[in-house]
Amino acid sequence: MKNVCADGSNYCKFVSPEIVLAMGINRNRESVFRFKRFEVRNELAAMKVGTDGVLLGAVCPVNGYVNALDVGTGTGLIALMLAQRNQALSITAVEIDADAASEARMNVAASPWHDRITVVEGDFNKMLSDGLAGRYDIVVSNPPYFATTLKSPDSSRAMARHETGLSYDTLVNSASALLTAQGAMVFISPADREDDITMSIALRGLHVTRLISVYTKIGAKTPSRLIWFISTRPGTMCREAVYIGSPEYRELTSDFYL
């Protein structure tokens with residue numbers, strides 16, 4: 001990925017309809033979101049298909065990996081994207097909400113990769129007690145966020161959008177124990193959580209190898225999200241940026257959007 005200018009001057013102003021929908025600004029959101037090689041039913045899970053999940057599924061490293069864990073899978077979107085990108089990858093998709101887990105199972109069953117994705121309804125925090133330490137090559141998550149804002153009155157949406165059941169500190173701590181010796185972790189966060197997440201990572205003896213600042217539109221001055229790439233091994237951190245709607249964003253997601 002190339003570094004991009006803060007003023008977005010190298011990018012055209014065109015944003016395709018599928019990107020507008022993924023950004024969550026379509027008032028008539030589709031109940032089924034159609035990608036090139038699979039469909040995602042988008043009705044039961046509290047958090048719908050959006051830019052965060054699509055971008056995370058597109059940039060998460062998969063080459064050479066055998067076992068992946070998708071934490072808080074929701075509709076199953078990221079698990080499906082990883083399965084499309086690596087035909088040898090087996091994915092466990094964990095979801096604590098019963099409705100979301102049911103919808104993820106339906107989406108997986110209808111996909112070409114149903115034999116490589118297992119949806120587990122349960123609490124990610126309890127996976128260590130199930131003897132799964134050191135099992136996964138890659139752990140990916142689009143976790144709860146907005147820890148300081150008012151919670152949604154809907155309990156499922158509150159669980160999905162807030163750190164009600166899974167804080168970033170808990171995610172980093174538990175995921176680090178589930179990784180293989182050469183494993184990696186990738187997740188997305190609000191940009192304003194950089195300092196405390198950096199501290200959590202350092203306290204676990206882990207290393208940030210790549211950090212992508214995500215801007216909501218071309219020309220935006222400040223990022224809204226960060227995508228973290230974390231390794232068990234030390235390395236030089238590469239800091240990058242991507243603008244939603246830019247040619248680079250469309251190239252990153254070109255294997256998925258129609």
Side-chain angles (χ1 to χ4, degrees), residues 1-12 15-16 18-19 22-24 47 49-65 68-72 74 77-79 81-82 84-86 137-146 168 171-172 175-176 179 183-202 204 206-257:
M1 181 183 296
K2 299 177 181 178
N3 290 331
V4 294
C5 300
D7 63 2
S9 58
N10 292 329
Y11 296 109
C12 65
V15 181
S16 63
E18 63 269 27
I19 293 176
M23 290 171 68
M47 294 308 295
V49 173
T51 304
D52 288 357
V54 174
L55 187 55
L56 189 58
V59 301
C60 179
V62 295
N63 291 340
Y65 292 147
L69 176 65
D70 177 16
V71 179
L77 169 65
I78 293 173
M81 293 180 72
L82 299 189
Q84 176 180 323
R85 293 177 56 215
N86 180 347
D137 302 302
I138 182 76
V139 175
V140 60
S141 183
N142 180 10
Y145 49 90
F146 303 139
Y168 287 101
L171 173 64
V172 171
S176 63
L179 291 173
M185 181 191 325
V186 181
F187 62 85
I188 195 164
S189 79
D192 62 7
R193 300 297 303 276
E194 181 173 357
D195 289 345
D196 57 294
I197 292 174
T198 299
M199 179 67 73
S200 292
I201 292 167
R204 302 301 183 280
L206 300 172
H207 309 276
V208 181
T209 57
R210 185 180 179 194
L211 191 63
I212 300 177
S213 297
V214 182
Y215 294 78
T216 55
K217 61 182 180 180
I218 300 167
K221 301 303 181 183
T222 58
S224 64
R225 300 282 188 270
L226 296 173
I227 300 180
W228 301 79
F229 297 75
I230 302 165
S231 176
T232 54
R233 296 167 292 173
T236 302
M237 185 182 78
C238 174
R239 187 144 196 168
E240 306 166 39
V242 64
Y243 289 79
I244 304 301
S246 68
E248 182 180 34
Y249 175 84
R250 294 201 298 276
E251 182 180 355
L252 283 171
T253 58
S254 63
D255 287 340
F256 303 101
Y257 283 127

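Rounding to the nearest 0.5 Å gives a distance of 11.0 Å between CG of Asp70 and CE of Met81. In this structure, CG on Asp137 lies 11.0 Å from CG on Leu69, to the nearest 0.5 angstrom. The CD1 atom of Ile78 sits 10.0 Å away from the CG atom of Leu55 when rounded to the nearest 0.5 Å. Going from atom OG of Ser246 over to atom CD of Glu248 covers 5.5 Å, rounded to the nearest 0.5 Å. Distance check, rounded to the nearest 0.5 Å: CD1 of Ile188 to OH of Tyr168 gives 8.0 Å. The distance from atom OH of Tyr65 to atom CD1 of Ile138, rounded to the nearest 0.5 Å, is 5.0 Å.
Closest approach of Leu179 and Val139 over heavy atoms only: CD2-CG2, 3.5 Å. Among all heavy-atom pairs drawn from Leu82 and Gly57, the shortest one is CD2-O, 3.9 Å. Summarising the geometry of Pro143 relative to Ser141, their closest heavy-atom pair is CD-O, 3.2 Å, with the distance given to 0.1 Å. Across every non-hydrogen atom of Ser176 and Leu206, the tightest pair is CB-CD1, 3.6 Å. The minimum heavy-atom distance linking Thr253 with Ala58 is given by the pair CG2-CB, 4.3 Å. Across every non-hydrogen atom of Ile201 and His207, the tightest pair is CG2-N, 4.0 Å.
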If you apply the rule salt bridge (Lys or Arg N to Asp or Glu O under 4.0 Å), what do you find for Arg239 with Glu194, and how did you get there? CA-CA 13 Å; Arg239 187 144 196 168; Glu194 181 173 357; 2.9 Å; yes
Ile230 and Thr209: CA distance, side-chain angles, deciding distance, side-chain contact (heavy atoms from CB on, under 4.5 Å) verdict: CA-CA 6 Å; Ile230 302 165; Thr209 57; over 6 Å; no
Go through Asp255 and Arg85 one step at a time and tell me if the salt bridge (Lys or Arg N to Asp or Glu O under 4.0 Å) criterion holds. CA-CA 9 Å; Asp255 287 340; Arg85 293 177 56 215; over 6 Å; no
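In this structure, the side chain of Ser200 engages the main chain of Asp196 through a donor-acceptor pair within 3.5 Å. With hydrogens and angles ignored, the 3.5 Å screen pairs no side-chain donor or acceptor of Arg210 with any backbone N or O of Trp228. Of the possible donor and acceptor atoms, none in the side chain of Asn86 sits under 3.5 Å from a partner among the backbone N and O of Asn63.
Paired with Phe187 under the rule side-chain contact (heavy atoms from CB on, under 4.5 Å), one option of Ile227, Val140, Val71, Val172 passes, and it is Val172.
No side-chain heavy atom of Leu211 sits less than 4.5 Å from a side-chain heavy atom of Cys238. Leu252 is listed as a side-chain neighbour of Val242, based on a closest heavy-atom distance under 4.5 Å. Under the 4.5 Å side-chain criterion, counting only non-hydrogen atoms from C-beta, Met237 is in contact with Val208. Side-chain contact between Ile212 and Leu226 is absent, with no heavy atoms from C-beta onward closer than 4.5 Å.
Classified by interplanar angle (parallel below 30°, tilted 30° to 60°, perpendicular above 60°), the ring pair Tyr249/Tyr257 is tilted. Ring geometry for Tyr215 against Tyr243 counts as parallel: the plane angle stays under 30°, on a 0 to 90° scale with 60° as the upper cut.
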